[in-house]
Each structure stands twice: as structure tokens, then as C-alpha cells.
Amino acid sequence: GMDFNDARSKSQILHVFPFNSEKKRGGVAVQSDAGVHVHWKGAAELVLSSCKSWLALDGSVQPMSAEKYNECKKSIEDMATSSLRCVAFAYCPCEIERIPKEDIADWKLPEDDLTLLCIVGIKDPCRPGVKSAVQLCTNAGVKVRMVTGDNIETAKAIALECGILDANGAFVEPFVIEGKVFREMSEAARGDIVDKITVMGRSSPNDKLLLVQALKRKGHVVAVTGDGTNDAPALHEADIGLSMGISGTEVAKESSDIIILDDNFTSVVKVVRWGRSVYANIQKFIQFQLTVNVAALVINVVAAVSSGDVPLNAVELLWVNLIMDTLGALALATEPPTDNLMKRQPVGRREPLVTNIMWRNLFVQAIYQIAILLIFDFSGRSILRLQNDSREDAEKTQNTFIFNTFVFCQIFNEFNARKPEERNVFKGITKNHLFMGIIAITTVFQILIIEFLGKFFKTVRLNWRLWLVSVAIGIISWPLAYLGKFIPVPVRPLQDYFKPTCWRRASRRDEEESGQS
């Protein structure tokens with residue numbers, strides 16, 4: 001039956017001590033008819049430790065006995081283990097004489113000899129989908145750690161609820177640690193345990209910064225989420241700072257690299273998925289580009305050295321370059337993210353962009369294209385049955401056929417580049433309309449070039465048999481790529497075999513010291 005507005009109108013706020021993440025409490029001095037009272041609210045166990053008395057139900061003030069203290073402490077622990085955030089309210093009367101007449105803004109509110117009013121447990125439930133998002137991150141090799149200002153028991157309960165801690169896991173130091181303990185360790189000691197820390201409770205903003213620095217020294221790639229101004233140093237120090245778009249302060253947003261607009265942890269999974277997708281698409285394009293470059297370069301160099309003539313002229317190479325650089329990049333770089341990306345392990349800091357799997361796929365296709373097209377370059381007249389044609393006509397037909405076959409090899413190999421590690425390169429292809437459109441456009445333009453733009457490209461028309469042979473040679477790249485993926489590749493990057501021995505040893509030592517992203 002209390003009238004809040006009436007009670008508030010009869011009181012005057014003298015001084016406010018805002019909630020402080022270091023002290024874990026906030027206070028206010030209020031003057032009313034009953035005199036001046038200093039009220040405190042904050043972390044339950046910290047406020048409780050400052051209380052010398054407690055307010056009974058009948059309004060009487062009782063001394064805080066050891067028995068009552070233990071009873072309150074047990075209540076806090078019980079609520080914390082139920083993933084409730086515990087907040088205590090307490091007050092103390094203050095004599096008017098103790099209030100400074102001037103510079104009241106610098107007045108340090110009395111925080112000892114408090115009277116405990118109550119302890120409340122506030123439920124802050126995990127958002128739907130957070131547990132599955134944490135599991136996805138774990139499967140993707142991303143370790144999720146929780147750093148919070150909450151009571152250590154509350155932190156453990158919430159971590160269990162959202163899947164950061166396993167019910168069968170260890171709940172002792174250093175896996176679960178208080179910020180104060182971590183803070184007071186030496187730099188070397190922090191480095192020894194930092195890999196094991198999963199939950200840090202009762203932490204200050206500086207503890208989060210120390211954790212980020214310790215992880216980075218171990219070689220890890222660190223992403224940090226935060227919303228408050230005091231999170232800014234950790235967000236700035238991290239490799240990737242993720243601030244909250246709704247609850248985040250402007251300082252936090254300025255210090256971060258990415259702003260999560262919906263304040264939801266599940267969006268972090270989207271960040272990881274899209275980041276990996278961009279990286280994978282770049283690798284796909286590089287594999288495709290290198291295959292075209294290697295094949296075109298070797299074919300023209302070998303032909304020029306052996307016969308003094310090249311099967312692929314400058315205008316034809318410009319068209320191939322357009323397929324490779326522009327249309328190929330559009331087709332492969334727009335592949336949408338797949339679930340398989342979240343099943344891969346992270347890429348190490350020092351791992352090469354061109355992997356051994358990519359080198360294997362590249363060599364299989366390049367060797368096939370070089371071999372088949374050089375055979376046609378040297379013996380094409382007899383294989384294509386052009387002996388009855390004049391030497392000039394036979395040479396034009398042969399070179400046009402080589403150009404046409406080379407282009408179709410690239411068109412079909414573009415499908416192989418979609419899935420460098422998977423045998424089924426057609427999975428999900430119908431969902432990428434841009435890829436299918438680019439393949440169709442490239443094919444139509446190739447037909448127009450051969451049939452109608454011969455004067456510009458210095459080509460001649462091909463009969464239907466030669467068209468079928470060109471397409472057939474190109475389509476062989478599909479089963480060839482499938483079989484090629486059975487070839488095992490070494491774990492050690494190919495580039496390492498060409499480095500000096502001393503450099504290889506240093507790199508291996510750095511890699512061992514380095515973590516994974």
C-alpha cells in the first residue's frame with residue numbers, strides 16, 4: 001500500500017555514488033523527515049560483509065550475529081547456484097554534521113556499519129538459441145569463455161545453463177576462477193593457466209583486459225564482446241571487438257570492430273560463419289585462377305619454344321582472363337555459407353592461404369589440361385583428321401579447337417573449384433543462381449565467339465563433332481577431380497619444403513607456440 005511518488009516527494013537526494021564495477025556497488029545519500037540515510041545496493045556478498053546489523057520484519061534493528069551472517073551467506077549461495085543474480089540492499093543513518101557543506105560532490109559516502117535490508121535474486125535467463133550457438137562455436141574450434149562481474153556461483157550456474165561449462169567438467173581453479181585471484185598472479189603464472197580458464201567471476205574490466213593480453217601472448221586470435229564503457233580497453237586490445245548495438249555505449253562501439261545490432265550471442269556464430277565463408281571463397285577463386293594461369297602459361301611457352309607459334313593468341317587470352325578474373329571471381333566469391341564451414345577447425349595464424357589440398361587439385365587439373373592440349377597442339381592435325389585441309393586452314397581449325405577446349409576445361413573446372421575438399425561438387429549448386437547464370441553467360445559467349453566473331457578473335461567455325469569433343473574433354477575434369485581427391489596430402493605445407501632448414505625450424509617453433517583462431 002505504499003505510495004512511491006509520495007515517499008519520494010518527501011525526500012531529497014543529497015549525493016549519488018554511481019554503481020562502480022570495481023567496488024561492485026552504488027550508493028545514495030537521502031534526506032527525509034527521518035533524517036539522513038545513506039543507502040547502498042550491489043553485489044550481495046560484498047554488501048553483506050559491510051553489514052553490522054539487519055532489519056527484522058517487525059522493523060527492529062538486530063545485531064548481525066555469526067549465525068545470521070552464515071544464514072544470509074547460505075541464501076546467497078543457494079540463489080547463485082540457481083543462476084540468480086544476487087543483489088543486497090543496506091543503509092546506515094548519517095548525522096547531518098558529517099555532511100560537507102561545500103564540495104559535496106567529493107563526499108565519500110560511509111560504507112561500513114550498514115544495516116541489511118534485504119537480499120534479492122534476479123533471474124536473467126539465457127536467450128533462446130544461446131546454448132546451441134555455444135555448441136556450434138565449440139564444434140567449430142572456437143572456445144567460448146565467460147568473463148562476468150557476477151558471483152562465482154552465479155557465473156558457474158549460468159555457464160552450465162548456456163553450455164559453456166559441461167556438467168561433467170571441472171568446476172575448480174583454474175577452469176573456474178575469480179577475477180581477484182587471476183589479477184594477483186604474476187604474468188608467467190597467468191600465461192600457464194590462461195588456456196584452461198573457462199569462467200571468470202567477480203571480475204573487473206581490467207581482468208578482462210589481462211585475460212585478452214595473456215591469450216594473445218599465447219598466440220590465440222581473440223574476439224571479445226562487451227557493451228559498457230569500461231569494456232573499451234579489452235575491445236580495443238582484442239583481435240576482433242564485438243560491441244552491442246542496443247545496450248552498448250558509444251565508447252564501446254567506437255572501440256569495437258563489429259557491432260552486433262540485436263545484442264544476441266547467436267549473431268556471433270553468424271560472424272564466424274560469414275568470416276569463414278569469405279576466406280573459403282577467396283581460396284576457391286585462387287585455386288581456379290592459378291589453374292588457368294599455370295595451364296595457359298605452360299601451353300603457350302612450350303608451344304612457342306618448340307614450334308615458334310602459340311595456340312592461344314592475345315585476344316583469346318584476354319577472354320580467358322575475363323572468365324578467370326571477373327566472371328570467375330563473381331561466381332566463386334558469392335558462394336553462400338554452408339554448415340560444413342562450422343565443422344572445420346580454425347585456421348592457424350601462420351597457415352598458408354594456398355593449402356596442400358588446393359595444390360593437389362590445381363596440379364591434377366593443370367597437368368590434365370596441359371597434357372591433352374599439347375597433344376592436340378603437336379598432333380592435332382592427324383587426331384582431328386585435318387590432313388585433307390590446307391596447312392593454313394588446318395592450323396586455324398586446330399588452334400580454334402585448342403582455344404575452345406581450353407575454355408570449356410575452365411568452365412567445368414569452375415564447378416570443381418566450388419568444393420575444394422568435398423567430392424560432391426554439385427551440392428547446393430541450385431541455390432547459387434549467380435553461379436549458374438555466369439556459367440550460362442560464359443557458355444553462350446563462347447559459342448558466339450567461335451561461330452560469329454571469328455574475324456575479331458582469329459578463329460574459324462567448328463563442326464558439331466569438334467564441339468562435342470571440346471565439351472567431352474572439358475567434362476572429363478569432373479571425374480578427374482573426384483578421383484584426385486582420393487590422393488592423400490601431407491600435413492606439412494608445401495611451401496615449407498622450399499624454405500631453408502634454419503627458417504623451417506624457426507617457423508615450426510613459432511607454430512607450436514602459436515594458437516589457433
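Note that the structure is predicted; figures quoted are calculated from it, not measured.
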### Query
Would you say the side chains of S75 and D78 form a donor-acceptor pair under 3.5 Å?
no
### Query
Any idea how Y482 and F486 line up, ring-wise: parallel (<30°), tilted (30 to 60°), or perpendicular (>60°)?
perpendicular
### Message
With side chain to side chain contact (heavy atoms under 4.5 Å, CB included) as the criterion, how do S256 and L242 come out once you've worked through the C-alpha distance, each side chain's angles and the decisive distance to 0.1 Å?
### Response
CA-CA 6 Å; S256 65; L242 301 147; 6.0 Å; no
### Task
Please check if the side chain of S60 supplies one atom and the backbone of A56 the other of a donor-acceptor pair under 3.5 Å.
no
### Query
Do the side chain of R276 and the main chain of R344 share a donor and acceptor less than 3.5 angstrom apart?
yes
### Message
For F426, does the six-membered ring have the charged nitrogen or CZ of R418 within the cation-pi criterion, i.e. under 6.0 angstrom from the centroid and within 45° of the normal?
### Response
no
### Query
Can D207 and K180 be counted as an ion pair, charged N to O under 4.0 angstrom?
no
### Ion pair check, K343 and E421, cut-off under 4.0 Å
no
### Task
Could you tell me whether K74 and E71 have a side-chain N and a carboxylate O separated by less than 4.0 Å?
no
### Query
So, does N151 use its side chain to make a donor-acceptor pair with the main chain of G201 at under 3.5 Å?
no
### Task
May I have the step-by-step check of side chain to side chain contact (heavy atoms under 4.5 Å, CB included) for L165 and F175, ending in yes or no?
CA-CA 9 Å; L165 277 179; F175 301 97; 5.6 Å; no
### Task
Please confirm whether the backbone N or O of V489 pairs with a side-chain atom of R360, one donor and one acceptor, at under 3.5 Å?
no
### Message
With a sphere of 6.0 Å drawn around NZ of K41, does it hold more than 12 non-hydrogen atoms of other residues, nucleotides or ligands?
### Response
no
### Task
State whether the side chain of N361 and the backbone N or O of G484 hold a donor-acceptor pair below 3.5 Å, judged by distance alone.
no
### Message
What I want to check is whether the side chains of Q365 and T291 have a donor and an acceptor closer together than 3.5 Å.
### Response
no
### Message
Please check if the number of heavy atoms outside D3 that lie under 6.0 Å from its CG is greater than 12.
### Response
yes
### Task
Could you tell me the separation between the CE atom of M200 and the CG atom of L210, rounded to the nearest 0.5 Å?
8.0 Å
#### Entry: Crowding at NE2, H15 (>12 non-hydrogen neighbours, <6.0 Å)
yes
### Task
Decide yes or no for L290 and M358: does some side-chain heavy atom of the first lie under 4.5 Å from some side-chain heavy atom of the second?
no
### Query
Would a distance-only check, ignoring hydrogens and angles, find a side-chain to backbone donor-acceptor pair under 3.5 Å from T154 to L84?
yes
### Query
In a check of salt bridge (charged side-chain N to carboxylate O under 4.0 Å, His left out) between D195 and each of R190, K143, K218, which one passes?
K218
### Message
Please evaluate residues L332 and F435 with respect to the criterion side chain to side chain contact (heavy atoms under 4.5 Å, CB included), reporting the C-alpha separation (whole Å), side-chain torsions for both, the decisive distance (0.1 Å), and the verdict.
### Response
CA-CA 7 Å; L332 295 171; F435 180 89; 4.1 Å; yes
### Message
Is it the case that the side chain of D231 and the backbone of G228 share a donor-acceptor pair, with hydrogens and angles ignored and the cut-off at 3.5 Å?
### Response
yes
### Task
Starting from the C-alpha separation in whole Å, work towards a yes-or-no answer on side chain to side chain contact (heavy atoms under 4.5 Å, CB included) for F89 and H39.
CA-CA 7 Å; F89 297 88; H39 289 270; over 6 Å; no
### Task
Could you walk me through whether T266 and N264 pass side-chain hydrogen bond (donor to acceptor under 3.5 Å, both in side chains), step by step?
CA-CA 5 Å; T266 53; N264 201 332; 3.2 Å; yes
#### Entry: salt bridge (charged side-chain N to carboxylate O under 4.0 Å, His left out), paired with E45, selected from R202, K73, K24
R202
### Heavy atoms from other residues, nucleotides or ligands near CD of Q62 exceed 12 (cutoff 6.0 Å)
yes
### Task
Ignoring hydrogens and angles, tell me if any N or O in the side chain of H37 forms a donor-acceptor pair with the backbone of Y91 under 3.5 Å.
no
### Query
Side chain of R217, backbone of E187: donor and acceptor closer than 3.5 Å?
no
### Message
Testing the basics here: between S11 and S32, what is the closest heavy-atom pair and its distance to 0.1 Å?
### Response
CB-CB, 4.1 Å
### Message
Looking at M244, is its backbone amide N or carbonyl O close enough to the side chain of D227 to form a donor-acceptor pair, meaning the two atoms are under 3.5 Å apart?
### Response
no
### Query
Is the number of heavy atoms from other residues, nucleotides or ligands within 6.0 Å of NZ (K427) greater than 12?
no
